[in-house]
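Naming: A, B, ... by sequence-line order, numbering from 1 per chain.
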Amino acid sequence: MNFQIIITSWYQANHRNLPWRASTDPYVIWLSEIILQQTRVEQGLPYFNRFLAAFPTVRDFAGASETEILKLWQGLGYYSRGRNMLYTAREVMELHEGVFPVAYDALIRLKGIGAYTAAAISSFSSGESRAVLDGNVFRVLSRYFGIDIPINSTAGKSTFSTLSQSLIEGQDPAVYNQAIMEFGALQCKPKSPNCAVCPLQDGCAAYAGNLVNHLPVKLKTVKVKTRYLNYLFCLKDGQVLVNKRIKEDIWQHLYDFPHIETSHAAEPGDPEFSSSLQEMFGKDVVLRPLMEMKHLLTHQIIYVKFFALDNYITNFSMDAEVNWVSWQELDELPQPKILTKFIQSVNINS
DNA sequence: AAAACGGGGCC
DNA sequence: GGCCCAGTTTT
């Protein structure tokens, strides 16, 4: 038996029942695929269900506001995915008259849809023969064929892309694509794959060469940087001062509090901190330390301090992105995880 | 070619 | 603490 037959038979016997697999609607597939980018199935699943319930069609999606989309996206991360989806939904309404494209060449032009997602949507919705290449496929192929070219290098992407496309020829594209990804997710896992009962054990180069734990090879790149954010929690007449994050930075278009970033952990009397506060408020203000948190992102370690400003804020120079809102309004705004945590603990302690 | 972009689970 | 997850976009 060849590689493809073993993979697809394994899939028939072992696959999970995932809701998006029940549909060939390109809109539904699109929804699931964007949500699942760099995201585990278990984490994305509830988001998929909520989005589909809220927006059954691309027309419904296109009619939403960005805040609405980001609020539903809250907690999932990589928020540009949500913003790009809204852009693309509107594009589909205007350019394709509300009919979601199924052809790879049309899909690849849409914002937020890259090579992987275009292959996934086109193969699942219309049976176009485009091999998906995601983390699972890289891993399965590099192990089975014993390829040690780094999967995140240009040469690696090219090599694996050619190989995977050659393997899908003659197969049912939708089934084969699902099968190889599911095989990578459940059987050929990154850590402690179950080689003892693997149906591909016979032809597996990594197994034969005892290289399973060394493949795939990946170039490490990410430099983690450390940041210090000092949040200013301003309350007045039951309203909270919120800030819309409009800069090119993490959490773009989400809402948090006005804050001052310092180059190091800052105490209220710190010169750098104080001068920024002076600039922001036009006079000295008194801070009351509330809480400290450490927030971990893939490439940032953020030390967060929350301070209360109980008064002194009458002269606050309001930027366009800063606004007073009620607790109720704040709750309806999309916000970073760290802020949700803070708000919860304030509610518990009050 | 490299960096930026979240949050969570697992070892 | 490091790695990885149904990747894409920007620099």
Side-chain angles (χ1 to χ4, degrees), chain A residues 15-16 18-21 29-48 70 73-85 87-88 107-121 123-124 130-140 150-158 160-161 164 174 177-186 188-193 213-225 227 245 247-254 256 294-302 334-341:
Chain A
H15 69 81
R16 296 167 289 185
L18 301 173
W20 44 85
R21 291 205 183 120
I29 310 286
W30 171 69
L31 206 52
S32 71
E33 291 301 339
I34 305 290
I35 287 174
L36 291 172
Q37 286 169 4
Q38 293 293 283
T39 304
R40 291 168 195 282
V41 164
E42 310 81 66
Q43 189 188 4
L45 191 48
Y47 285 85
F48 170 80
L70 289 176
W73 202 273
Q74 179 176 300
L76 195 55
Y78 287 161
Y79 297 93
S80 64
R81 289 183 291 171
R83 290 187 281 114
N84 287 339
M85 284 183 93
Y87 184 94
T88 288
L107 291 162
I108 195 76
R109 301 170 194 273
L110 298 172
K111 197 167 282 191
I113 297 182
Y116 163 77
T117 306
I121 300 175
S123 65
F124 299 152
R130 298 279 186 168
V132 293
L133 195 49
D134 74 333
N136 293 307
V137 179
F138 276 118
R139 186 170 55 255
V140 172
I151 59 173
N152 55 343
S153 65
T154 305
K157 286 173 199 161
S158 164
F160 283 96
S161 174
S164 68
N177 275 339
Q178 292 283 10
I180 190 167
M181 287 196 287
E182 192 78 336
F183 187 83
L186 301 183
C188 196
K189 297 179 292 186
K191 298 289 179 188
S192 55
N213 294 321
H214 299 282
L215 293 175
V217 173
K218 199 170 186 177
L219 301 169
K220 50 181 65 177
T221 49
V222 197
K223 297 191 286 282
V224 177
K225 81 172 174 184
R227 301 175 69 175
R245 299 182 60 86
K247 296 197 183 68
E248 304 238 334
D249 194 1
I250 53 173
W251 305 323
Q252 201 175 17
H253 290 198
L254 273 62
D256 59 1
K294 183 178 179 181
H295 193 64
L296 300 173
L297 305 182
T298 300
H299 46 274
Q300 294 188 17
I301 302 172
I302 310 177
Q335 54 202 229
K337 204 75 178 173
I338 186 87
L339 210 76
T340 308
K341 269 198 233 173

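The distance from atom NZ of A:Lys218 to atom C1' of C:dG2 is 12 Å, rounded to the nearest whole Å. Rounded to an integer number of Å, the gap from CG of A:Leu186 to P of C:dA6 is 9 Å. Here C:dG7 presents its C1' atom at 15 Å from CG of A:Leu107, a figure rounded to the nearest Å. To the nearest angstrom, C1' of C:dA6 lies 11 Å from CG of A:Leu133.
No donor-acceptor pair closer than 3.5 Å links the side chain of A:Ser32 to the backbone N or O of A:Trp30. Looking at A:Arg21, its side chain does come within 3.5 Å of a backbone N or O of A:Arg16 through a donor-acceptor pair. The closest donor-acceptor contact from the side chain of A:Arg81 to the backbone of A:Gly112 lies at 3.5 Å or more, if one exists at all.
At the heavy-atom level, A:Trp20 lies under 4.0 Å from base atoms of the strands shown. Across all strands shown, A:Ser32 has no heavy atoms under 4.0 Å from either base or sugar-phosphate atoms.
Distance noted for atom P between B:dG8 and C:dT8: 22 Å (whole Å). One C1' atom belongs to C:dA6, the other to B:dA3, and the distance between them is 23 Å to the nearest Å.
Which of B:dC5, C:dT8, C:dA6 sits closest to the side chain of A:Gln300 comes down to B:dC5. Here the side chain of A:Arg139 is nearest to one of C:dC4, C:dT8, B:dA3, namely C:dC4.
Remark: A:Phe48 engages A:Trp20 in a ring pair (Phe, Tyr, Trp, His ring centres under 6.0 Å) (not counting sequence neighbours). With sequence neighbours excluded, no residue forms a salt bridge (Lys or Arg N to Asp or Glu O under 4.0 Å) with A:Arg40. Here A:Arg139 pairs with nothing under the salt bridge (Lys or Arg N to Asp or Glu O under 4.0 Å) rule; sequence neighbours left out. Legend: residues meeting side-chain hydrogen bond (donor to acceptor under 3.5 Å, both in side chains) with A:Arg245, ordered by chain and number and at least two apart, are A:Asp249, A:Asp256.
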* **A:Asn136 and A:Ile180: CA distance, side-chain angles, deciding distance, side chain to side chain contact (heavy atoms under 4.5 Å, CB included) verdict** => CA-CA 7 Å; A:Asn136 293 307; A:Ile180 190 167; over 6 Å; no
* **Working for side chain to side chain contact (heavy atoms under 4.5 Å, CB included), residues A:Leu31 and A:Met85** => CA-CA 8 Å; A:Leu31 206 52; A:Met85 284 183 93; 3.4 Å; yes
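Positionally, the nearest nucleotide of DNA chain C for A:Ile301 lies more toward the 5' end than for the other of A:Ile301 and A:Val41.
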* Sugar-phosphate or base contact per nucleotide [nucleotides 6-11 of chain B; S, B, -; heavy atom under 4.0 Å] -> BBBB--
Is there any protein nitrogen or oxygen under 3.5 Å from a nitrogen or oxygen in nucleotides 9-11 of chain C, and what are the pairs?
from, atom 1, to, atom 2, distance (Å)
C:dT9, OP1, A:Gly112, N, 2.4

